[in-house]
Amino acid sequence: QVQLVESGGGLVQPGGSLRLSCAASGIIFKLYAMAWYRQGPGKQRELVASITGAGSTNYRGSVKGRFTISRDNTKNTVTLQMNDLQREDTAVYYCSNSAGSWGQGTQVTVSS
């Protein structure tokens, strides 16, 4: 049974940083691309960043230069380092893998 468990969300002021983590179990982690999605209030879910098993990354334009996705295939974890957070980054952030599994989500709120 595949499980993806996110952690690290919270409330942060504009310009601040947060680090999200996703722990995977029940899969051969290194075989799957991993991704972070987000769904803001009243918005559709959107892809934030993805990383292949070999470490190639891709980002949506609005987070390039601010967010960094990385993975540790020895610990079965994927992280999203988010810097210079803006109010429009407020959303529930979800971890997903290329097999279609999803975590439960973690709330990120950017507010002063």
Using side chain to side chain contact (heavy atoms under 4.5 Å, CB included) as the criterion, point out the one residue from Ile51, Asp72, Leu4 that pairs with Val78.
-> Ile51
Thr77 backbone acceptor or donor facing Arg71 side chain under 3.5 Å = no
Do Leu80 and Tyr93 have side chains that get closer than 4.5 Å, going by heavy atoms?
-> yes
Side chain to side chain contact (heavy atoms under 4.5 Å, CB included) between Phe29 and Met34: does it pass, once the steps are laid out?
-> CA-CA 9 Å; Phe29 183 73; Met34 300 296 297; 3.8 Å; yes
Test item: Ser70 and Gln81 side chains (from C-beta on) under 4.5 Å apart, heavy atoms = no
What distance do Asn76 atom CG and Lys30 atom NZ have between them, rounded to the nearest 0.5 Å?
-> 10.5 Å
Any chance the side chains of Asn83 and Ser17 put a donor and an acceptor closer than 3.5 Å?
-> yes
Nearest-0.5 Å distance that lies between atom CZ in Arg87 and atom OG in Ser111 | 6.0 Å
Side chain of Glu6, backbone of Cys22: donor and acceptor closer than 3.5 Å?
-> no
Heavy-atom nearest pair, Asp89 first then Arg66, reads OD2-NH1, 2.7 Å
Without swapping roles, check the side chain of Asn97 against the backbone of Gly100 for a donor-acceptor pair under 3.5 Å.
-> yes
When every non-hydrogen atom of Thr79 is compared with those of Ser21, the smallest separation belongs to CG2-OG, 3.6 Å
Heavy-atom check, side chain of Ser25 versus side chain of Val2, under 4.5 Å | no
List the steps and the verdict of side chain to side chain contact (heavy atoms under 4.5 Å, CB included) for Thr57 and Phe67.
-> CA-CA 11 Å; Thr57 59; Phe67 291 11; over 6 Å; no
Spacing of CG belonging to Asn58 relative to CZ belonging to Arg60, to within rounding of 0.5 Å | 10.5 Å
Is there side-chain contact between Gln39 and Gln44, with heavy atoms separated by less than 4.5 Å?
-> no
d(Ser96 OG, Tyr32 OH) to nearest 0.5 Å is 12.0 Å
Heavy atoms of Gly103 and Tyr94 approach each other most closely as O-CD2, 3.7 Å
Could you walk me through whether Glu88 and Ser62 pass the side chain to side chain contact (heavy atoms under 4.5 Å, CB included) check?
-> CA-CA 10 Å; Glu88 53 266 31; Ser62 62; over 6 Å; no
Looking at Val108 and Gly9, what are the two nearest heavy atoms and their distance?
-> CG2-CA, 4.2 Å
Check each of Val63, Ile69, Leu47 against Trp36 using the side chain to side chain contact (heavy atoms under 4.5 Å, CB included) test, and report the only one that passes.
-> Ile69
Is there a donor-acceptor contact under 3.5 Å from the side chain of Thr52 to the main chain of Ala33?
-> no
For the residue pair Met82 and Leu20, establish whether any side-chain heavy-atom pair is separated by less than 4.5 Å.
-> yes
Can Arg45 be said to sit on top of Trp102's aromatic six-ring, NZ or CZ under 6.0 Å from centre and within 45° of the ring axis?
-> yes
State whether a side-chain donor-acceptor pair under 3.5 Å links Arg38 with Thr90.
-> no
